[in-house]
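Throughout, residue positions are numbered sequentially from 1 according to the sequence presented. Because the structure is a prediction, the values reported are computed rather than measured.
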Amino acid sequence: MAEVHQTPPSLCCCRRPVPASLARCGGDSSQPSAVPGPGSSRCPLVDVASASNFRSFQLRHFHLDLRLNFAVKEMTGWLVLDLVPAKPGVQTLILDSHPSLLIQSIDCKVPEDGQEELVSLTYRVDPFTDYGSSLNISLPAAARPGRLVQISVRYSTTDGPAIWWLDSELTCGQTRPLVFTQGHSVCNRSFFPCFDTPAVKSTYSATIRVPDGVTVLMSASRSLYSQRDRVFQFSMDFPVPSYLVALVAGDLQHVDLGPRSRVWAEPCLLPCAVRKLGGSVERWLGVAEELFGSYLWGRCDVVFLPPSFPIVAMENPCLTFIIASILESRDFLLVDVIHEIAHGWFGNAVTNASWEEMWLSEGLATYAQRRITTEAYGDAFTCLETAVRLDALHRQLRLLGDNSPMSKLQVKFEPGVNPSCLMNLFTYEKGFCFVSYLSQLCGDVRRFDCFLRDFISEFRFRSVVAQDLIDYFLRYFPELMDASVSQREGLEFERWLSGCGPPLCEPDLSAGGALTRPVQDLCDLWRRGGTPDPHAVATFDLSAWSTLQIVLFLDRMLDLPPLPHGVMAALSGCYSSLFDGLNAEVQIRWLQMVARNGFYPELPRIRAFLHKHTSRMYTVPLYDDLVAGAMKHVAVEIFDQTQRRLHPNLRRTLTQILSQTSAAPTNQNGPAPPVTTATTGTTAAIALRNVNVSA
């Protein structure tokens, strides 16, 4: 999954006692199961109301039958759960739910008793946290161990956190409305009642009924379509966790890219999307299969969504969701799509059993992504992209502090803390560095490729914890176990997992020197103080640089102290017109420099950018910088002019940013400190939004 700009709530960095019933996670790859098998690490799962009894059931399958009503922005229908009690005496089924999800009735039948009529069940909805509720269902006496029980929940849901209804004005074509769902991490409890934890996997099917002119896609294979009845049917035949169930419906068309891949988009976007992706998806899939084994999910389609999509991309099986804004940048598009393809093995096939170890998905997927780009585009490209991300990691660490529990790979949640707060660079880049270190230990990247391929084969369709990965690694390389590599002083595996701060070591990026050295040389030229010699500046032709090189240059310039007005004027004279013709990933960084340094001559470009771009990943960091400096009045003015074209969720976020007390005003030559918030009194509240990341 691609990165989001997220405000982190407080976390607990201490270990807490764990009930014995929740102490293990794992799984049995032979069948979908809600009862994780033997594992090797504690996994408290404090983020799910269903944690108190989901291991008492085996979830065989579930089916969704929903009707979409765009006029009232509502989904109505049924959820049918095929459950098998795993232990005697279980009288209550607890599912994760949400206040926006309205239950009409719950029924039950026990097919093995020959019972065909539904029996009405009693239930209650209890508060759980600010991101969900607890649905408690009283089971009939016939629900006994080993016997299939079918629970049918009739419900409706409107504007919960998983479901994003877009009026036609918020779509790219601005002609028809669109709806999509986004379940990661714990949002799908507002889409349908579920065991909303990655520890639980099952197959599913769906029947979706829509108005005329609407096409439905899901993270599954389409099994049937009735044009007369406007009914779409889908089937996912491999077990997946609840967060990977996704739906999008609207005016969508497709073009096939290859035998198992196609691109979907609104008609106005489709030609550009096809031109940008071409045959690349099949090529990337082929490289990934050579490295990690067969692709398991059949289809590998990509759908481009409007700027209201809250993150850059999401690795839903069979159907990657990706924000249309990223089409402007070839480098970022390439990296983001390859990252989501890598999740087909790491995250989707083998899943972290708890959100407290999200790095198992993102760190492994990031490593796999870079193996794919190395094979497809060479070491230099991969090292450049890695340098951009590791720079961002250290920037984030400076904002949060070396002792921040957010910097751990294994974060311990307090009850009620939303696990989405872990969507930060540590799960990606510190996780990547640990996986890269494991690869270095085995001494041969090809041997490590084989290890990862066999790891997927061993644990596919299961949910695992870090200790499962480590134990398998040490068994796979017994010579490393004999050498006690897990206990090397200063590089202990436990320190990697539970220690705060930066990665204990980072990979050698010297192979990218031909691309990164000119960037650093140009940064050094501008940071020496005063305006550099124009002839020296002219020796660097940025028009020949890649997007990633320019991004690295601007990110490092953003790290500098306030720049004098004369230096900003020189930078503007050299590069501003060039940046105007480049993509949003470049423009956002330049405009952040403008905002932080209060450089008013470039203000029209900020206005134009925020009038054009309504994506969260571009608007939020730029508004943050405007509000933190002397340009808050500009931010308020632009927001008033553009808010009708913003998704309500983004509108609320920007309203919160604008309500912050601005830092002390600065003159036009320098920025306000970018890490202060009056609402929390800490740097953490906007720290993650101040770091530009994409995948």
Should Ser329 and Glu585 be marked as a side chain to side chain donor-acceptor pair (under 3.5 Å) after you check the CA-CA gap, both sets of side-chain angles, and the distance that decides it? CA-CA 7 Å; Ser329 170; Glu585 292 293 334; over 6 Å; no
Just by modelled atom types, is the Leu409 backbone N or O under 3.5 Å from a matching donor or acceptor in the Glu357 side chain? no
For Ser404, does its backbone N or O pair with a side-chain atom of Ser407 as donor and acceptor, under 3.5 Å? yes
Angle class for the Tyr618/His613 ring planes (parallel below 30°, perpendicular above 60°, tilted otherwise)? perpendicular
May I ask you to test the Phe292-Ile372 pair for a side-chain heavy-atom distance under 4.5 Å? yes
Is a donor on one side and an acceptor on the other found under 3.5 Å between the side chain of Arg556 and the backbone of Asp391? no
Would the distance check show the side chain of Lys632 and the main-chain N or O of Leu658 forming a donor-acceptor pair, the cut-off being under 3.5 Å? yes
What are the two closest non-hydrogen atoms of Ile311 and Ile323, and how far apart are they? O-CB, 3.8 Å
Please check this pair: side chain of Glu315 against backbone of Met1, looking for a donor-acceptor N/O pair closer than 3.5 Å. yes
Atom OG of Ser361 and atom CG of Asn348: how far apart are they, to the nearest 0.5 Å? 7.0 Å
Ion pair check, Glu362 and Arg389, cut-off under 4.0 Å: no
Should Leu563 and Trp526 be marked as a side chain to side chain contact (heavy atoms under 4.5 Å, CB included) after you check the CA-CA gap, both sets of side-chain angles, and the distance that decides it? CA-CA 10 Å; Leu563 297 174; Trp526 283 100; over 6 Å; no
A side-chain contact here means heavy atoms from C-beta on lying under 4.5 Å apart; do Ile606 and Leu626 qualify? yes
Quick one, Phe381 with Leu334, criterion side chain to side chain contact (heavy atoms under 4.5 Å, CB included). Give me CA distance, side-chain angles, the key distance, then yes/no. CA-CA 11 Å; Phe381 175 89; Leu334 178 158; 3.8 Å; yes
With sequence neighbours left out, what residues match Asp256 under salt bridge (charged side-chain N to carboxylate O under 4.0 Å, His left out)? Arg262
Just do the side chain to side chain contact (heavy atoms under 4.5 Å, CB included) check on Leu333 and Val337 with the steps written out, would you? CA-CA 6 Å; Leu333 175 66; Val337 175; 3.9 Å; yes
For the residue pair Val335 and Ile338, establish whether any side-chain heavy-atom pair is separated by less than 4.5 Å. no
Please examine the side chains of Cys172 and Pro306, heavy atoms only from C-beta on, and report whether any two atoms are closer than 4.5 Å. yes
As an exercise, state the distance from CZ of Arg299 to CG of Leu319, rounded to the nearest 0.5 Å. 10.0 Å
Treating Asp331 as the side-chain partner and Leu548 as the backbone partner, does any N or O pair qualify as donor plus acceptor under 3.5 Å? yes
In terms of relative ring orientation, are His343 and His339 parallel, tilted or perpendicular, with 30° and 60° separating the classes? perpendicular
Sort and list the pairs that fulfil ring-ring contact (aromatic ring centres under 6.0 Å, His included) and have at least one residue in residues 300-322, not counting sequence neighbours. Phe180-Phe309
CG on Leu397 to NZ on Lys430, rounded to 0.5 Å: 8.0 Å
Tyr377 and Thr382, any side-chain heavy atoms less than 4.5 Å apart: no
Give the C-alpha distance, both sets of side-chain angles, the deciding distance and a yes or no for side chain to side chain contact (heavy atoms under 4.5 Å, CB included) between Thr653 and Asn649. CA-CA 6 Å; Thr653 298; Asn649 290 353; 5.8 Å; no
Option from Phe448, Tyr367, Trp496, Phe432 for which ring-ring contact (aromatic ring centres under 6.0 Å, His included) with Tyr437 holds: Trp496
With a 3.5 Å distance limit and no angle check, can you tell me whether Glu375 reaches the backbone of Val287 through a side-chain donor-acceptor pair? no
So, for Pro604 and Pro601, which heavy atoms are closest and what is the spacing to 0.1 Å? CD-O, 3.5 Å
Any donor-acceptor pair under 3.5 Å linking the side chain of Tyr623 with the backbone of Phe639? yes
Atom CG of Leu542 and atom CG of Leu522: how far apart are they, to the nearest 0.5 Å? 6.0 Å
Would you call Glu290-Arg446 a salt bridge at under 4.0 Å N-O? no
Over all atoms of both residues, closest heavy-atom pair of Ala313 and Ile322: CB-CG1, 3.9 Å
Do Leu525 and Arg528 come close enough that some side-chain heavy atom pair is under 4.5 Å? yes
Can you tell if the side chain of Phe426 reaches within under 4.5 Å of the side chain of Leu393, non-hydrogen atoms only? yes
Any side-chain to backbone donor/acceptor pair from Arg371 onto Leu291? Under 3.5 Å, distance only. no
Measuring from atom CH2 of Trp590 to atom CG of Leu554, what distance do you get when rounded to the nearest 0.5 angstrom? 8.0 Å
Decide yes or no on side chain to side chain donor-acceptor pair (under 3.5 Å) for Asp625 and Gln592, but give the supporting numbers first. CA-CA 6 Å; Asp625 284 329; Gln592 283 186 277; 2.7 Å; yes
Could you pull out the closest heavy-atom pair between Asn424 and Thr427, with the gap in Å? O-OG1, 2.9 Å
Between SG of Cys500 and CG of Asp402, what distance do you get to the nearest 0.5 Å? 9.0 Å
Could you check if a side-chain atom of Ile341 sits within less than 4.5 angstrom of a side-chain atom of Cys300, using non-hydrogen atoms only? yes
Contacts under 3.5 angstrom, residues 273-280 side chains, donor-acceptor by atom type, not counting sequence neighbours:
from, atom 1, to, atom 2, distance (Å)
Lys276, NZ, Leu327, O, 2.5
Ser280, OG, Leu277, O, 3.0

Scanning both residues in full, the closest heavy-atom pair of Glu289 with Tyr295 reads OE2-N, 2.8 Å
Take the angle between the ring planes of Trp164 and His647 and call it parallel below 30°, perpendicular above 60°, tilted in between. tilted
If you take all heavy atoms of Gln549 and Leu384, which pair is closest and at what distance? CG-CD2, 3.7 Å
Would you check if the side chain of Glu328 reaches a backbone N or O of Ala584 as a donor-acceptor pair within less than 3.5 Å? yes
Would Glu385 and Thr373 count as a side chain to side chain donor-acceptor pair (under 3.5 Å) here? Give the steps. CA-CA 10 Å; Glu385 185 267 333; Thr373 60; 5.5 Å; no
Is it possible for you to check whether Arg605 lies under 6.0 Å from the centre of the six-membered ring of Phe599, through NZ or CZ, and within 45° of that ring's axis? no
